[in-house]
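Structure record follows, encoded as structure tokens.
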Number of protein chains: 4
Amino acid sequence: MKKNKPKYNQIIDAAVIVVAENGYHQAQVSKIAKQAGVADGTIYLYFKNKEDILISLFQEKMGEFIDTIRLKTAGIESAVEKLLMLVETHFTLLSENLHLAIVTQLELRQSNKDLRLKINEVLKGYLQVIDEILRIGVEKQEFREDLNIRVARQMVFGSIDEVVTNWVMSDHKYNLVALSTTVHELLVRAFENRN
Amino acid sequence: MKKNKPKYNQIIDAAVIVVAENGYHQAQVSKIAKQAGVADGTIYLYFKNKEDILISLFQEKMGEFIDTIRLKTAGIESAVEKLLMLVETHFTLLSENLHLAIVTQLELRQSNKDLRLKINEVLKGYLQVIDEILRIGVEKQEFREDLNIRVARQMVFGSIDEVVTNWVMSDHKYNLVALSTTVHELLVRAFENRN
Amino acid sequence: MKKNKPKYNQIIDAAVIVVAENGYHQAQVSKIAKQAGVADGTIYLYFKNKEDILISLFQEKMGEFIDTIRLKTAGIESAVEKLLMLVETHFTLLSENLHLAIVTQLELRQSNKDLRLKINEVLKGYLQVIDEILRIGVEKQEFREDLNIRVARQMVFGSIDEVVTNWVMSDHKYNLVALSTTVHELLVRAFENRN
Amino acid sequence: MKKNKPKYNQIIDAAVIVVAENGYHQAQVSKIAKQAGVADGTIYLYFKNKEDILISLFQEKMGEFIDTIRLKTAGIESAVEKLLMLVETHFTLLSENLHLAIVTQLELRQSNKDLRLKINEVLKGYLQVIDEILRIGVEKQEFREDLNIRVARQMVFGSIDEVVTNWVMSDHKYNLVALSTTVHELLVRAFENRN
DNA sequence: GATGAATGAGGATTCATTCAT
DNA sequence: TATGAATGAATCCTCATTCAT
């Protein structure tokens with residue numbers, strides 16, 4: 001990803017920090033530029049406008065995020081195990097990057113509808129991974145054959161997201177990763193085949 | 001609820017409409033005043049500032065919402081049945097009030113962290129209702145005795161919320177209430193006692 | 001003209017002074033507001049944007065200008081005498097209002113094409129006055145019957161304008177009004193009937 | 001004229017095109033550089049700053065313009081004929097170079113006062129040619145002996161300029177050169193000796 | 001209580017110019 | 001000579017809030 005544009009990533013990384021520490025509405029372009037160690041105008045050599053920084057931020061970071069989860073779950077046979085890996089990886093990646101967690105769970109949700117639509121585009125990739133796991137689970141008869149994939153996917157994403165948001169808002173006082181198995185177990189019970 | 005202050009409710013109802021139809025960032029105080037049929041300055045006789053309108057809006061509307069759900073679930077014995085009533089009532093109330101659904105699911109989430117913290121205060125009442133149902137379910141041995149109440153509650157709220165948000169964002173093309181049983185069944189399976 | 005909007009005229013008069021003294025490109029909205037004794041935001045209660053101030057300025061001032069000339073020339077029979085009155089009044093009005101002269105002759109010409117198009121709309125009223133005088137002169141046989149009205153009008157306006165601009169750019173070192181008869185005589189000689 | 005500096009003229013010619021096609025305020029240095037086929041920085045090897053490009057443009061192009069007119073009028077005896085040649089040549093040269101006409105009649109007038117003062121310096125050469133013709137006319141008794149040379153010169157220049165500007169602004173829909181004789185005849189009538 | 005005219009702080013973006021290569 | 005990536009100063013406009021009437 002734009003390997004020969006070090007400033008591009010420099011600015012995105014600065015944006016993550018500035019948005020996380022100051023909040024979406026206090027993340028002025030000049031603050032991001034300062035954090036990135038470049039002039040204000042330099043931002044505009046790499047991004048069309050302020051919104052473009054935030055969209056790119058989400059695309060880059062969430063892109064990596066999804067790639068990692070896709071990779072980690074790919075080698076696993078069982079859908080149940082895939083789902084555990086997904087929850088664990090999701091929680092682990094955000095635990096390891098508090099700034100990113102704050103930005104994705106709290107700050108970017110304050111953005112306007114246009115930005116949120118772009119964000120949803122990116123999230124579709126993640127939802128596809130969930131869908132795929134659910135489909136495989138049904139095929140392999142790990143999950144009930146009449147599982148409503150769309151609702152199930154919303155339950156997976158909604159549950160994970162709510163757990164992470166609660167953790168972020170509680171100032172990450174407890175261990176998020178430790179909740180993986182609990183969340184995973186509840187989801188599996190919800191979906192499993194009981195013949 | 002300030003019964004003798006008709007303008008108070010007039011302004012809140014105007015705010016719901018204006019925010020739903022224009023979006024959070026295009027909901028200027030002057031627009032709300034116009035919609036309410038009062039002067040800009042009059043707003044400040046009833047509300048401390050703009051944020052106070054939105055907090056009050058959420059408190060009033062979500063208060064009614066929670067009261068209704070509390071009332072509806074109160075007369076029911078079984079936790080499983082209570083949970084179904086909760087999901088159904090939640091979906092029904094929002095289906096019947098699109099403006100409110102848009103405001104709570106999409107627009108108010110664009111507010112800043114402070115407002116969102118206040119919103120969470122209000123939501124606590126709702127989460128308590130869920131917690132109570134879950135506790136009763138465990139007591140009655142409808143749900144497994146080692147159920148992690150906090151995580152289960154986050155799963156209930158996260159799932160319901162995600163389903164509603166998807167419905168709102170899809171321009172309410174399908175019947176939300178019809179999803180109640182599907183969502184309920186998955187949640188019950190996740191929590192149930194399997195002795 | 002907007003009699004009950006004293007701030008409207010206050011702001012326009014301030015704009016004339018600020019543009020004349022600082023130049024078009026150094027006439028910031030905040031400077032105009034300060035000169036008018038109002039807050040920056042107040043400007044936008046009376047004008048759509050900065051360009052609107054300048055367009056309105058030109059319309060109001062040039063409108064009065066044209067009205068005065070129309071009025072002064074109306075009572076005169078002879079086209080030759082009308083033309084003298086036009087030149088004299090033009091020179092007199094601008095001599096008496098140096099700020100306005102600077103603004104119309106030098107500063108507003110730096111504006112962008114859109115503003116200049118609007119300015120030309122206003123000027124059409126002036127050109128019509130000239131055309132009318134020329135037509136009457138031809139009818140009354142004071143001017144040659146084959147006079148090319150359009151070219152003649154361009155000569156009248158171009159000559160007057162060039163004389164005024166030279167006077168403004170020379171820092172009004174000499175008496176502009178004193179040139180009226182010279183300019184008038186040359187124009188009349190150019191147009192007159194020599195049967 | 002820097003003969004051994006091909007890029008110098010390359011940049012000036014590029015500036016004429018860019019200013020004519022984009023307008024004064026949209027004629028960025030980077031656009032001129034691109035049109036000239038050089039890097040932005042290269043501009044500054046040949047010109048002190050952006051203003052210097054425009055001044056040089058005017059000096060070079062208007063210099064040629066004046067030289068041509070001087071040359072064309074030089075061989076003619078009669079002042080009246082010289083004046084016709086001047087008008088005809090002026091109209092012809094601008095008709096043949098629309099870009100230059102747009103730049104000199106419309107775009108460069110949007111420049112700031114400083115640039116316009118420099119432009120006036122260049123124009124002085126042109127005004128001298130006019131003055132010279134008028135002086136000869138008086139000497140030869142073609143023109144009245146009490147002709148106010150300064151005012152007459154302003155009338156010549158103002159009239160020609162106004163006619164050209166009208167032609168440019170009308171999108172050159174009509175034949176400018178065809179107006180030469182009309183303009184010339186009116187000017188001569190204004191100035192001529194009537195003993 | 002009710003009005004609405006007035007206030008004024010705050011920030012994204014452009015583009016002429018520089019200078020290390 | 002030539003390059004072009006980087007710089008950073010400078011300004012219009014919005015809108016929540018006030019307060020004289």
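Quantities reported herein were computed from a predicted structural model and do not represent experimental measurements. All chains are named by letter (A, B, ...) in the order of the sequence lines, taking the proteins before the strands, and each is independently numbered beginning at 1. Keep in mind that the numbers below use all heavy atoms, side chains included, and drop hydrogens, waters and symmetry copies.
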Q) With respect to the side chain of A:Leu45, which nucleotide from E:dT17, F:dA6, F:dC13 is positioned closest? A) F:dA6

Q. Would you say a side-chain N or O of C:Lys7 is under 4.0 Å from OP1 or OP2 of E:dA5?
A. no

Q) Do other residues, nucleotides or ligands put more than 12 heavy atoms under 6.0 Å from A:Lys118 NZ? A) no

Q. Which part of the nucleic acid does C:Phe47 contact within heavy-atom distance under 4.0 Å: base, sugar-phosphate only, or nothing?
A. nothing

Q | Lys/Arg N to Asp/Glu carboxylate O, C:Asp13 vs C:Lys61, below 4.0 Å | A | yes

Q. Expressed in angstrom and rounded to an integer, what is the separation of C:Tyr44 atom OH from F:dA16 atom C1'?
A. 18 Å

Q. Taking NZ, NE, NH1 and NH2 as the nitrogens, is one of them in C:Glu121 or C:Lys124 under 4.0 Å from a carboxylate oxygen of the other?
A. yes

Q: In whole angstrom, give the distance that lies between atom NZ of D:Lys31 and atom P of E:dC15.
A: 8 Å

Q | Upstream residue (5' side of DNA chain E) when C:Val38 and A:Lys48 are each assigned their closest nucleotide | A | C:Val38

(Q) Can you work out whether B:Asp40 or A:Gln28 has the more 5'-proximal nearest nucleotide on DNA chain E? (A) B:Asp40

Q.
If I take atom CG in residue C:Asn49 and atom P in nucleotide F:dT14, what distance separates them, rounded to the nearest angstrom?
A. 9 Å

Q) Any Lys/Arg nitrogen of B:Asp161 or B:Arg109 sitting under 4.0 Å from an Asp/Glu carboxylate oxygen of the other? A) yes

Q: For the pair A:Val29 and A:Tyr44, evaluate side chain to side chain contact (heavy atoms under 4.5 Å, CB included) and give the outcome as yes or no after the intermediate values.
A: CA-CA 10 Å; A:Val29 171; A:Tyr44 293 89; 3.7 Å; yes

Q | B:Ile32 CD1 to E:dG4 P, straight-line distance once rounded to whole Å | A | 17 Å

**Q.** Side-chain N,O (A:Tyr46) to OP1/OP2 (F:dA6) below 4.0 Å
**A.** yes

Q. Does C:Thr42 or A:Ala39 map to a spot on DNA chain F nearer the 5' end, using the closest nucleotide for each?
A. A:Ala39

Q) Nearest-Å distance, CG (D:Asp52) to C1' (E:dT17)? A) 14 Å

**Q.** Complementary nucleotide of E:dT13, counting Watson-Crick and G-U pairs under 3.5 Å
**A.** F:dA10

Q. Roughly, in whole Å, what's the span from CD1 in D:Ile43 to P in F:dT1?
A. 15 Å

Q | Spacing between C:Lys50 atom NZ and F:dA10 atom P, to the nearest angstrom | A | 15 Å

Q) NA contact type, A:Val29, heavy-atom cut-off 4.0 Å: base, sugar-phosphate, or nothing? A) base

Q: Both distances under 3.5 Å, Watson-Crick or G-U wobble: report the partner of F:dT21, or none.
A: E:dA2

Q. Between atom OH in A:Tyr24 and atom C1' in E:dG11, what is the gap in whole Å?
A. 14 Å

